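Taking it in order: structure first as structure tokens, then the write-up.
Keep in mind that the numbers below use all heavy atoms, side chains included, and drop hydrogens, waters and symmetry copies. Ligands are counted one by one from 1 in listed order, and the atoms in each one are counted from 1 as well. Keep in mind that this is a model prediction, so the values were computed, not measured.
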Amino acid sequence: MSSLLKVKPLGPRIGAEVRDFKLAASSKTDILKELEVGLVKHEAIVLHAPDLSPEDHLDIAKYFGEAEVHTYYPNLGKGFEQITIIDSKLGDRADMWHHDESFLPSPPIVTMTHAQVLPPFGGDTCWISMTSAYDALSEKMKQYLEGLQAWHDMNGPMTDALRHNVVTHERYVQVIQKEQRHLHPLVKVHPITGRKALYISPTYTTHIDGLPVSESNAILNFLFSHCQDVNFLFRHRWSVGDMVIWDNRSVIHNAILDYKPHQRRMHRVSVFQRQSEKPNSINSGN
Ligand SMILES: O=C(O)CCC(=O)C(=O)O
């Protein structure tokens with residue numbers, strides 16, 4: 001079968017693009033299947049899609065799983081509650097290396113942002129391939145990390161944002177009061193590719209469970225610096241109408257805040273694995 005999408009790699013390890021992306025109604029499912037294949041291979045994929053509607057955005061999201069209704073960002077309103085607005089004018093930004101919501105027991109598997117308003121310069125987003133970062137570790141380090149788990153805590157970065165007056169919103173205080181944190185394996189296996197990826201971020205990961213503090217700090221600091229090697233990096237300079245979809249199981253990302261006082265507004269949807277596809281689900285057969 002000839003392919004419907006021309007997926008062009010934009011780097012040796014991570015990143016690809018599809019020019020002139022259209023979600024034609026007649027071949028929607030086939031396009032989305034090809035998109036998923038491209039996504040798990042390249043980990044972050046740029047769709048040049050100025051005509052993409054909010055309906056298309058939701059259709060893409062729902063193909064991958066259950067679209068999240070975010071608890072503290074504003075959204076597009078009735079019928080589009082899952083499309084979150086991340087607007088720098090409201091103080092919302094993500095200039096920190098992170099997996100999306102890794103403080104949850106089952107974080108989103110995929111996220112996609114669609115650029116609406118961009119500053120005249122800057123505001124690029126960067127992604128790091130955590131599979132490539134894992135592959136590049138020594139065998140001795142891989143053995144050491146096997147079986148270790150680390151805590152992911154959302155309070156640190158949120159409290160920091162408030163303390164530095166980046167945001168003053170009541171909603172951030174409400175988020176902090178939720179005290180969300182969770183323990184995850186340091187190394188996770190991708191359910192589709194079987195590749196191993198580091199699952200840590202300088203933003204949310206506080207410590208490795210069960211290790212002395214000094215040892216945990218030393219290991220995490222090594223891993224944070226190791227994964228920020230430019231060899232594992234993909235950087236996108238946005239145009240209005242671009243959508244980037246990333247695989248939250250295998251990348252961390254950072255939206256660079258270098259455009260103040262200009263505005264940057266994105267429409268964003270994160271997607272959870274469907275309940276019926278979770279490994280311990282009674283419907284999954286596992
Ligand atoms: O605004 C961006 O480019 C990325 C936003 C982000 O980090 C997120 O939605 O988690």
### Query
Does any donor atom in the side chain of W238 or T125 lie under 3.5 Å from an acceptor atom in the other side chain?
yes
### Query
Are a donor atom and an acceptor atom from the side chains of H267 and H57 found within less than 3.5 Å of each other?
no
### Message
Considering only residues two or more places apart or on different chains, which pairs with a residue in residues 56-70 satisfy salt bridge (charged side-chain N to carboxylate O under 4.0 Å, His left out)?
### Response
K28-D59
### Task
Sorted by first residue and then second, give each salt bridge (charged side-chain N to carboxylate O under 4.0 Å, His left out) pair with at least one member in residues 96-115; sequence neighbours left out.
D100-R268
### side-chain hydrogen bond (donor to acceptor under 3.5 Å, both in side chains) partners of residues 179-189, not counting sequence neighbours, each pair once
D153-R181, E179-R181, H184-K188
#### Entry: For the student: nearest non-hydrogen atoms of Y199 and P185, plus distance
CB-O, 3.6 Å
## Note on the structure
Contacts for ligand 1, heavy atom under 4.0 Å, by chain and number, are A94, H98, D100, T125, W238, H253, A255, R264, M266, R268
